[in-house]
Amino acid sequence: MNSTPSQFPSTLNRTHDPAATSWVASAQAAGTDFPIQHLPFAVFRHRDSQEGFRGGIAIGDQVLDLWDLTRSDLLDGLALQAAEAGAKSSLNALMALGPKAWSALRHAVFDLLHSHASAVVQQKMLLCLEPQAEVVYSLPARIGDYTDFYTSIYHATNVGKLFRPDNPLMPNYTWVPIGYHGRASSVQVSGHSFKRPRGQVLPPGATEPVFSACKRLDWELELGAFIGPCNALGEPVALDQAEDRVFGLCLLNDWSARDIQAWEYQPLGPFLAKNFATTISPWIVTMEALAPFRTPLERPDGKTDDLAYLRSEANTEQGAIDIRLNIGLATEAMREAGQLPHVVCTTSYRHAYWTLAQMVAHHTVNGCNLQSGDLLGTGTLSGPTLDQAGALLELTQGGKVPVSLPNGETRTFLADGDEVVMRGWCERPGSARRIGFGECRATILPALI
Ligand code: CA
């Protein structure tokens, strides 16, 4: 088991100072996702080039190129080692280094981008910046395994009511952080399109299935967690060291074919209803950047008697994170008319029943080895009220109550041409600068004929 001191719960340091400013002017722009207190990671290259993808850090409307930064003389020691690991075509090597190295790089980059940096430093740093408007992103890591959890009790109850009206919440839910092993190969970075899936569905009233294009295509609003240092096979990660194994969080859309799901899900759970596409945002928000936004774990049932491996004072007091989330929908007609995505749901990660640390502790308690770059999904993050529901299945009460859009169109489930945009941000006015997750966007194409 990890013997280094845990950073959980993260403490605040000078990189969180809400008064700090950058000489990159756009980092101070109203509403920017990327102030100097943030410094998230992505993998990118110039949009018109065939050059190699490499890691970068967001600042304002720019990307700091870690490859260029390692060629400057601006870093040394552990920060340089971390930047070299992050300058590759995936962030797996940086993820493997652990919290001390991540924090060393964060502090060094914070100082280099700070308004107090010397003119010489600023000149050298300017050579390492590229406008975000001119880059494209790839997946930030080689994802070996993808596990999806089910950590919102509101989502579990809402969906349970639709599938099992008499028994909505299974009795194991409040004891076990439920999850299943998903499919890593179909995880894509924001901005892609994918074909509506086809498969076996059981039409209403029928006794035998038909082969059909999915008619009940849905989104699921989730966060993804990228695993940092691996744990050895057979060596569980303790709850209070669990967040040392998490490099950071991104937005995640776990696309779901509800009609395929309804026919196939018993007895082994989701299979083809879930593995045709998963979309994630390009930017990974580090756990250190999220430190000002920790909150107590609050459960609607007040349950505090989790089994010992899932229970700790730190987890109860600061295990949750207040990450605001929303989902926007733009139909083809809306986009042609120049209309922005219409927000249909706003919620927060703080409502999750199981925390990130509990997800990691539970996943490894049997000795399962997580590896650097593995992706854990939180499950659909529905909040307590219907307008906080993170899936169309819940918002439309099983497809019975359509969602209305500003141009008069309605949706029960997604139509071809629809674009779904998820956003996330943290804010605590007066005590922290607002930080954003960027966006997680994808568009539905027609099914194969
Ligand atoms: Ca899911």
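In this text the structure is predicted, and so the values were computed from the model without any measurement. We count ligands from 1, going down the list as the structure has it; atoms in each ligand are counted the same way.
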[X] bridged to [Y] by N-O distance under 4.0 Å:
{"X": "Glu243", "Y": "Arg294", "result": "yes"}
{"X": "Asp148", "Y": "Lys274", "result": "no"}
{"X": "Asp218", "Y": "Arg216", "result": "no"}
{"X": "Lys215", "Y": "Asp259", "result": "no"}

What is the name of the N/O/S atom of Asp254 that is nearest to the Ca ion (ligand 1)? OD2

In Glu220, the N, O or S atom nearest to the Ca ion (ligand 1) is which? OE1

Quick one: the OD2 of Asp148, the Ca ion (ligand 1), OE2 of Glu222 angle, rounded to 10°, please. 90°

